[in-house]
Amino acid sequence: PRLWLFGYTEQGTPLKPAQIWEDVVRVHAKDTVTVDPFPSTKVPMVSIHPCQHARVMKKTVDAMLEEGRDPRPDQALSIFLKFISGVVPTINYDFTVDT
């Protein structure tokens with residue numbers, strides 16, 4: 001899936017593209033992440049390209065396997081959010097998992 005993120009300032013106004021880039025890890029800027037107009041509203045938003053998702057998630061799962069952890073299908077969303085947190089670390093993420 002293509003992920004779209006929209007940000008606000010502390011005053012509640014939408015972030016401008018230059019402000020959006022401040023929250024993106026530079027190594028991902030303009031490669032994995034671009035600022036594009038959202039299709040239905042044309043408002044500039046961060047877009048995290050799906051062509052990178054599978055490769056990064058496979059790398060994460062392979063690392064889990066090397067550590068002796070057996071990833072389960074129900075962990076897919078958590079693994080995906082860990083990928084996103086590496087791209088946009090300024091968002092607060094909750095990785096709490098029920099066992």
Side-chain angles (χ1 to χ4, degrees):
R2 187 169 188 180
L3 181 68
W4 295 88
L5 300 171
F6 185 73
Y8 295 90
T9 65
E10 291 177 3
Q11 293 74 34
T13 58
L15 293 176
K16 295 179 178 153
Q19 294 170 300
I20 292 170
W21 287 118
E22 294 174 10
D23 291 330
V24 176
V25 174
R26 295 221 187 278
V27 72
H28 297 293
K30 300 183 174 129
D31 176 29
T32 306
V33 179
T34 58
V35 174
D36 299 313
F38 188 71
S40 63
T41 64
K42 307 303 180 209
V43 173
M45 295 188 190
V46 167
S47 172
I48 301 178
H49 295 268
C51 60
Q52 302 295 328
H53 298 180
R55 179 181 55 82
V56 173
M57 289 189 64
K58 179 164 179 11
K59 185 177 176 181
T60 303
V61 168
D62 288 346
M64 291 173 75
L65 291 170
E66 287 177 13
E67 295 170 0
R69 296 186 291 157
D70 190 22
R72 302 180 320 265
D74 64 308
Q75 294 174 311
L77 182 58
S78 178
I79 293 168
F80 178 72
L81 287 174
K82 286 185 182 194
F83 160 58
I84 299 303
S85 72
V87 175
V88 188
T90 56
I91 296 174
N92 291 323
Y93 300 88
D94 181 357
F95 294 110
T96 304
V97 178
D98 291 335
T99 55

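Everything numeric in this text was worked out from a predicted model, so none of it was measured.
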*Asks:* Rounded at 0.5 Å granularity, tell me how far CD1 in Ile79 sits from CZ in Arg72.
*Replies:*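 Nearest 0.5 Å value for the CD1-CZ distance: 9.5 Å.
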*Asks:* Output the distance between atom CG (Leu65) and atom NZ (Lys58), rounded to the nearest 0.5 Å.
*Replies:*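 Interatomic distance, Leu65 CG to Lys58 NZ, rounded to 0.5 Å: 8.5 Å.
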*Asks:* Please name the pair of heavy atoms, one in Arg2 and one in Asp36, separated by the smallest distance, quoted to 0.1 Å.
*Replies:*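 The pair with the smallest heavy-atom distance is NH2-OD2, 2.9 Å.
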*Asks:* Would a 4.5 Å heavy-atom cut-off, applied to side chains only, mark Glu22 and Leu15 as touching?
*Replies:*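 Glu22 vs Leu15: side chains apart.
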*Asks:* Let me check something: do Leu5 and Tyr8 share a hydrophobic cluster, defined by ILVMFWY side-chain heavy atoms less than 4.5 Å apart, either directly or through other members?
*Replies:* no
*Asks:* Taking a hydrophobic cluster as the set of Ile, Leu, Val, Met, Phe, Trp and Tyr residues connected by side-chain heavy atoms closer than 4.5 Å, whether directly or through intermediates, do Leu3 and Val46 fall within one such cluster?
*Replies:* yes
*Asks:* Using every non-hydrogen atom in the two residues, find where Pro39 and Trp4 come nearest and quote the distance to one decimal.
*Replies:*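 Heavy atoms of Pro39 and Trp4 come nearest at CD-CZ2, 3.6 Å.
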*Asks:* At their closest point, which heavy atom of Pro14 faces which heavy atom of Gln19, and how far apart are they?
*Replies:*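 Smallest heavy-atom distance, with atoms named: O-OE1, 4.4 Å.
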*Asks:* Phe38, Ile20: one ILVMFWY side-chain cluster at the under-4.5 Å cut-off?
*Replies:*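 No, Phe38 and Ile20 fall in different hydrophobic clusters.
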*Asks:* Honestly curious: do Met64 and Leu81 fall in one hydrophobic cluster under the side-chain, below-4.5 Å linking rule?
*Replies:*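 Yes, it is one cluster - the side chains of Met64 and Leu81 are joined through contacts under 4.5 Å.
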